Enquirer: 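Shown below is the structure under consideration.
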Amino acid sequence: MERKWWHGKTAYQIYPKSFMDTNGDGIGDLRGVITKLDYLKELGVDIVWLSPIYCSPLADQGYDISDYYNIDPRFGTMEEMEELLAEAKKRDIHIVMDLVVNHCSDEHEWFKKACEDPDGKYGKYFYIMDHKKGEPLPCNWRSYFGGSCWEPLPGHEDKVYLHVFHKKQPDLNWENPELREEIYKMINWWLDKGLAGFRIDAIVNIKKKLPFENYPADRADGLCSIDRMLEKATGLFDFLDEMADRTFRKYDAFTAGEVFNDKEEDLPLYIGDNGCFSTMYDFAETILNRSIKGWYDMKRVTPEQYKNTVFMSQKRVHGVGFLSNIIENHDEPRGVSHYIPDGECCETSKKMLGGLSFMLEGLPFIYQGQEIGMENFTYHSVDEVDDISAKDQYQVALDAGCTPEEALAAIDHFSRDNARSPFHWDGSENAGFSSGTPWLRVNPNYPSINLAEQKDRPDSVWNFYRKLIRLRSDPAYTESVIYGETIPYLQEQHNLMAYFRRGEGQQLLVMGNFQKQPQDVVLPDTVKQLLINNLPDLSITDGTLHMEGYQFVVFEA
Ligand code: GLC
Ligand code: CA
């Protein structure tokens, strides 16, 4: 595997709307990001991914772009974006934006023109089909946010357009070379501005299985999951390779693909030496226990499932490329609330989870707030929900016969708002995020979980993350921490997640006791110096480590 400039880095995802508001309108902004660059530097971050800040009606919080070449005024101006790039550069921080090109907004000029003249140039930028009222739609796919993925084309009763996400996110027709050219031009325009690269949104969806056809319905609504179509679609890599050739490869840009349900044999095509992306997220743990029926039917992930799934991903990718490791992002519950059993979320268990994920092979992405152990919050009513996906899932649960309380419990855990609530900077009003009214509720636990409280406390979650980052960036450990193979240790021992990172001439042993009860672990006799411990003490007798509940340690071994 070829070594790349970004391999030993630590990445951080900013959800700008909820990061830092500097003008009191309750919405985080670019100025807020600029003012926090020193903070990111202090934490040890090298790559920053900004969720979308382009012009957008914010129907899906910016993942519905109405102008790819401009910054939404709610977030700031292009001058501020340029200032951010320049200030980040001074600090050796690489800025990455979101690339959302499976769809645009229905308020994008392309779509408006397509509505004016569906048979003209811009009509061909989308999937527009004839449809007579009362007749079946072109196919029965269910959009990711619920309901049919076909919607009447505004102004044309006899036509419908395709949207695999929200109806305000019409799909772009990648089969059309003219559309692809527009996208490459836009990507290069941003790379020329000094952007380091992109996180690439929902990208597997750009290749449709054509002609449109029905698949067996999987819910009472008579529709089927988009996944059925994606399983059948072929030729995705023709598009991805062309895009990489025309854009990213020319700039040695860093790219992280949002790839779900990839096929085994595709891994090298995505992230191998000649792959179309630098890296892609490991979602194997994220999707554990998902149910085709909906959120209300999802089960919690057990520590054993987590461990075995992680090990499978690690084995699969070693020697091929670099995955990106996460415990959460803006679409997922807070990792500590999701993977740690209810009632056991505490600083020790949060550090253990962060440590287990951080020490894996691959690129760690911290999602804003993860570094201080931010948690899910509790909804009192569905009216408090902003996330369009959660609103749909509430209805899905009711339709399946859940009581309103059960439906609320499902979205309580999985709602994307959990991770999108504002960052807790300090214990002052609104957690120091905004002097106005935050656009989304601040988690009421901010007086106890906030950065100001943790920064000067040596045993805080924040200082633990700094330690992890420091270890990753220590050149003395590059061969093990960055390039070492992950080799499970005592994989059969219940609720123990332990692994070696075996590299050229050096080896580490990483261990987490993934339960609240203590347990004994026999150490290999190669164990040497202790590098990290999430508790003040270590107890070893006769080669056996007595691990406290949720203890996490890293040894040279
Ligand atoms: C990705 C984004 C998500 C968005 C969707 C549609 O999954 O992460 O937030 O809703 O794509 O763009
Ligand atoms: Ca603002």
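Since the structure is predicted, the reported quantities are computational estimates derived from the model, not experimental observations.
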Enquirer: Give the intermediate values and the outcome of salt bridge (charged side-chain N to carboxylate O under 4.0 Å, His left out) for residues Asp331 and Arg420.
Expert: CA-CA 8 Å; Asp331 292 331; Arg420 298 177 180 184; 3.1 Å; yes

Enquirer: Tell me whether Glu265 at atom CD has more than 12 heavy atoms from other residues, nucleotides or ligands lying less than 6.0 Å away.
Expert: yes

Enquirer: Mind checking whether His131 and Lys159 have side chains closer than 4.5 Å, heavy atoms only?
Expert: no

Enquirer: I would like to know whether Gln169 and Asp60 meet side chain to side chain donor-acceptor pair (under 3.5 Å); could you show each step before the answer?
Expert: CA-CA 8 Å; Gln169 294 167 299; Asp60 185 22; 2.9 Å; yes

Enquirer: Would Lys207 and Trp174 count as a cation-pi pair here, with the cationic atom under 6.0 angstrom from the ring centre and within 45° of the axis?
Expert: no

Enquirer: At what distance, to the nearest 0.5 angstrom, does CD1 of Ile95 lie from CH2 of Trp49?
Expert: 13.5 Å

Enquirer: Can you name the closest pair of heavy atoms from Ala11 and Leu363 and give their distance?
Expert: CB-CD2, 4.4 Å

Enquirer: Any side-chain heavy atom of Asp218 within less than 4.5 Å of one from Arg228?
Expert: yes

Enquirer: Using modelled atom types only, decide if a donor and an acceptor are shared between the side chain of Asn325 and the backbone of Pro364 within a distance under 3.5 Å.
Expert: no

Enquirer: Step by step, would you call Asp386 with Gln61 a side chain to side chain donor-acceptor pair (under 3.5 Å)?
Expert: CA-CA 10 Å; Asp386 171 81; Gln61 295 305 349; 3.0 Å; yes

Enquirer: Tell me if the aromatic rings of Trp425 and Phe19 count as close, with their centers under 6.0 Å from one another.
Expert: yes

Enquirer: Step through the shown structure and confirm whether more than 12 heavy atoms of other residues, nucleotides or ligands are within 6.0 Å of NZ on Lys167.
Expert: no

Enquirer: Between His7 (side chain) and Lys4 (backbone), is there a donor-acceptor pair under 3.5 Å?
Expert: yes

Enquirer: For Tyr161 and Trp150, I'd like to know if the aromatic rings sit close, meaning centre-to-centre distance below 6.0 Å.
Expert: no

Enquirer: Do Ile47 and Ile93 touch side chain to side chain, with heavy atoms closer than 4.5 Å?
Expert: no

Enquirer: Regarding Thr22 and Asp29, is there a side-chain donor-to-acceptor distance under 3.5 Å anywhere?
Expert: yes

Enquirer: Is there a side chain to side chain donor-acceptor pair (under 3.5 Å) between Tyr379 and Asp417 once you walk through the steps?
Expert: CA-CA 10 Å; Tyr379 289 104; Asp417 291 346; 3.2 Å; yes

Enquirer: Side chain to side chain donor-acceptor pair (under 3.5 Å) for Asn176 and Asn173? Distances and angles first, verdict last.
Expert: CA-CA 6 Å; Asn176 178 357; Asn173 183 356; over 6 Å; no

Enquirer: For a 4.5 angstrom cut-off between non-hydrogen side-chain atoms, does Tyr144 reach Ile226?
Expert: yes

Enquirer: For Asp241, is there an ion pair with Arg249 - N to carboxylate O distance below 4.0 angstrom?
Expert: yes

Enquirer: For residues Trp439 and Ser18, determine if any side-chain heavy atom of one lies less than 4.5 Å from a side-chain heavy atom of the other.
Expert: yes

Enquirer: Using the side-chain hydrogen bond (donor to acceptor under 3.5 Å, both in side chains) definition, which of the options His413, Glu332, Glu328 pairs with His338?
Expert: His413

Enquirer: Is there a donor-acceptor contact under 3.5 Å from the side chain of Asp64 to the main chain of Gly62?
Expert: yes

Enquirer: Give a yes or no on whether the ring-centroid distance for Phe322 and Trp6 is below 6.0 angstrom.
Expert: yes

Enquirer: With no hydrogens and no angle check, do the side chains of Asp171 and Asn102 hold a donor and an acceptor under 3.5 Å apart?
Expert: yes

Enquirer: Carefully, step by step, assess Gln314 and Leu323 under the rule side-chain contact (heavy atoms from CB on, under 4.5 Å).
Expert: CA-CA 8 Å; Gln314 292 277 289; Leu323 285 175; 5.6 Å; no

Enquirer: Applying salt bridge (charged side-chain N to carboxylate O under 4.0 Å, His left out) to Asp130 and Lys132, what does each step give before you reach the verdict?
Expert: CA-CA 7 Å; Asp130 292 334; Lys132 284 210 183 64; over 6 Å; no

Enquirer: Compute the ring centroids of Trp141 and Phe212, then answer whether they are less than 6.0 Å apart.
Expert: yes

Enquirer: Measuring centre to centre across the rings, with the benzene-like ring taken for any Trp, is Phe423 within less than 6.0 Å of Phe433?
Expert: no

Enquirer: Counting heavy atoms not belonging to Lys121, are there more than 12 under 6.0 Å from its NZ?
Expert: yes

Enquirer: Just checking Phe237 against Tyr270, ring centres under 6.0 Å apart?
Expert: yes

Enquirer: Looking at Lys263, I'd like to know if its NZ atom is crowded, meaning that more than 12 non-hydrogen atoms belonging to other residues, nucleotides or ligands lie closer than 6.0 Å.
Expert: yes

Enquirer: So if I apply the ring-ring contact (aromatic ring centres under 6.0 Å, His included) rule between Phe111 and each of Tyr127, Phe126, Tyr122, which one comes out positive?
Expert: Phe126

Enquirer: Would you check if the distance from the ring center of Tyr281 to the ring center of Phe365 is below 6.0 Å?
Expert: yes

Enquirer: Take Lys185 and Glu181 through the test salt bridge (charged side-chain N to carboxylate O under 4.0 Å, His left out) and record every step on the way to the result.
Expert: CA-CA 6 Å; Lys185 188 176 90 187; Glu181 288 306 320; over 6 Å; no

Enquirer: Heavy-atom distance under 4.5 Å between the side chains of Leu210 and Glu175, does that happen here?
Expert: yes

Enquirer: Tell me yes or no: between the side chains of Gln13 and Asn329, is some donor less than 3.5 Å from an acceptor?
Expert: no

Enquirer: Any chance you could lay out the ring pair (Phe, Tyr, Trp, His ring centres under 6.0 Å) test for His163 and Phe145, step after step, and finish with the verdict?
Expert: CA-CA 10 Å; His163 61 91; Phe145 297 144; 9.4 Å; no

Enquirer: Please check if the distance between the ring centroids of His330 and Tyr63 is under 6.0 Å.
Expert: yes

Enquirer: Run the salt bridge (charged side-chain N to carboxylate O under 4.0 Å, His left out) test on Glu178 and Lys124 for me, step by step, so that the C-alpha distance in whole Å, both residues' side-chain angles and the decisive distance to 0.1 Å come before the verdict.
Expert: CA-CA 9 Å; Glu178 245 182 288; Lys124 298 188 180 66; over 6 Å; no

Enquirer: Could you walk me through whether Met20 and Ser434 pass the side-chain contact (heavy atoms from CB on, under 4.5 Å) test, one step at a time?
Expert: CA-CA 7 Å; Met20 180 67 206; Ser434 172; over 6 Å; no

Enquirer: Quick one: is the NZ or CZ of Arg180 closer than 6.0 Å to the six-membered ring centre of Phe239, and within 45° of its axis?
Expert: no

Enquirer: Of all heavy-atom pairs between Val204 and Val259, which one has the smallest distance, and what is that distance?
Expert: CG1-CG1, 3.9 Å

Enquirer: Can you confirm if the NZ or CZ of Lys193 lies within 45° of the ring axis of Trp189 and under 6.0 Å from the centre of its six-membered ring?
Expert: yes

Enquirer: Less than 4.5 Å apart, any side-chain heavy atom of Glu213 and any of Cys139?
Expert: no

Enquirer: So, for His166 and His103, is the gap between ring centers shorter than 6.0 Å?
Expert: no

Enquirer: Considering only heavy atoms from C-beta outward, does the side chain of Ser143 approach that of Val164 to under 4.5 Å?
Expert: no

Enquirer: Less than 4.0 Å between a side-chain N and a carboxylate O, is that true for Arg246 and Glu242?
Expert: no

Enquirer: Does any N or O in the side chain of Glu80 come within less than 3.5 Å of the main-chain N or O of Thr77, such that one atom is a donor and the other an acceptor?
Expert: yes

